[in-house]
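Residue numbers begin at 1 in each chain, while the letters A, B, ... track the order of the sequences. In this text, all values refer to a predicted model and were calculated from it rather than measured experimentally.
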Amino acid sequence: MAVSYWLMKTEPGTYSIDDLAADPDQTTCWEGVRNYQARNLLRDEIHEGDRVLFYHSACAQPAVVGTAKVVRGGYPDHHAWDKRSKYFDAKSTPENPRWFMVDIRLEKVFDAPVKLADLRGQAALKDMELLRKGSRLSVQPVRKKEFDVILKLAKNQA
DNA sequence: GCCAACGTTGGC
DNA sequence: GCCAACGTTGGC
């Protein structure tokens, strides 16, 4: 299966790349996504071995801050049927799960974040989903070309 | 804190 | 099925 590329957003005040780095095996489940479009990607499209841009949103300096690798493809988000979880959803059950998640493992923390403002200046990224006006998808596809451009930017400005 | 953009809900 | 109201996201 061919490798695919993704971008995942997180608010660093809630969960940052440093938190991922501190987690056991630098691995976490990407729980709590409650948007159908993103759900469909998690459930159907994101597979083990895929690459992820780790993005900090809703913060002082929105930026791609590193990369991760998918170590487990889509499976039901069990937080949805845990009443104590803030991600509880009565309409999701083990028999008929509504929400899905993947596991990711940290690959690299960029020496210098690639800021949103820097991305906007790149002609090669002009079609990137993240840069579309009003784009809010928290899990979104990235073209290989875009992934590579961002890695190069991270390297160049480090 | 403001506000634009988007998604969801629910009355009709 | 329409659409207004509401809630959330996320840059600034």
Side-chain angles (χ1 to χ4, degrees), chain A residues 4-23 28-46 50-68 70 74-104 106-143 145-147 149-154 156-158:
Chain A
S4 299
Y5 300 83
W6 310 96
L7 180 144
M8 297 187 187
K9 296 179 184 174
T10 177
E11 300 187 17
T14 303
Y15 186 85
S16 72
I17 199 163
D18 293 330
D19 293 320
L20 177 58
D23 275 340
T28 190
C29 58
W30 206 251
E31 83 280 12
V33 173
R34 295 293 178 267
N35 166 283
Y36 286 103
Q37 209 178 332
R39 186 281 305 272
N40 293 346
L41 295 176
L42 291 167
R43 186 188 59 192
D44 306 329
E45 306 291 339
I46 306 184
D50 285 356
R51 312 278 304 274
V52 174
L53 295 171
F54 197 100
Y55 181 80
H56 283 173
S57 68
C59 58
Q61 184 183 270
V64 179
V65 292
T67 60
V70 177
Y75 64 105
D77 180 351
H78 53 77
H79 299 79
W81 51 79
D82 175 0
K83 281 204 174 68
R84 294 159 306 173
S85 170
K86 64 173 172 172
Y87 300 122
F88 175 73
D89 179 353
K91 292 181 180 136
S92 187
T93 64
E95 297 73 31
N96 191 13
R98 171 172 299 204
W99 303 114
F100 286 74
M101 60 185 178
V102 300
D103 290 354
I104 63 170
L106 179 66
E107 200 165 55
K108 175 151 184 59
V109 181
F110 291 160
D111 295 320
V114 181
K115 292 177 249 164
L116 179 62
D118 298 332
L119 299 179
R120 290 198 192 284
Q122 296 294 320
L125 301 179
K126 67 179 171 49
D127 294 326
M128 198 176 169
E129 167 72 19
L130 181 73
L131 304 184
R132 266 191 41 243
K133 183 170 180 161
S135 164
R136 305 193 314 180
L137 252 194
S138 67
V139 175
Q140 54 182 253
V142 173
R143 295 173 185 85
K145 179 184 80 173
E146 296 163 345
F147 190 92
V149 165
I150 289 168
L151 286 197
K152 190 172 285 182
L153 287 172
N156 289 348
Q157 66 184 30

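- Nucleic acid contact for A/Arg120: sugar-phosphate only, since backbone atoms but no base atoms lie under 4.0 Å from a heavy atom of the residue.
- Using bins of under 30°, 30° to 60° and over 60° for the plane-to-plane angle, the ring pair A/Tyr5/A/Phe147 lands in the tilted bin.
- One finds a salt bridge joining A/Asp77 and A/Arg34 here, because a Lys/Arg side-chain nitrogen approaches an Asp/Glu carboxylate oxygen to under 4.0 Å.
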- Query: Given A/His79 and A/Cys29, is the side chain to side chain contact (heavy atoms under 4.5 Å, CB included) satisfied, shown in steps?
  - Reply: CA-CA 11 Å; A/His79 299 79; A/Cys29 58; 4.0 Å; yes
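- Of all heavy-atom pairs spanning A/Leu41 and A/Pro141, the tightest one is CD1-CD, 4.0 Å.
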- Item | Candidate pair A/Glu146 and A/Leu7, rule side chain to side chain contact (heavy atoms under 4.5 Å, CB included), full reasoning | CA-CA 11 Å; A/Glu146 296 163 345; A/Leu7 180 144; over 6 Å; no
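- For DNA chain C, no neighbouring residue in residues 76-98 of chain A is found when judged by any heavy atom under 4.0 Å.
- Rounded to the nearest 0.5 angstrom, A/Lys9 NZ and A/Gln140 CD are separated by 5.5 Å.
- With a heavy-atom cut-off of 4.0 Å to chain A, the contacted part of DNA chain C has its first and last nucleotide at C/dG7 to C/dC12.
- Aromatic ring pairs are classed by plane angle as parallel below 30°, tilted from 30° to 60° and perpendicular above 60°; the pair A/Trp99 and A/Tyr36 is tilted.
- Remark: A/Asp89 does not engage A/Lys91 in a salt bridge, criterion side-chain N to carboxylate O under 4.0 Å.
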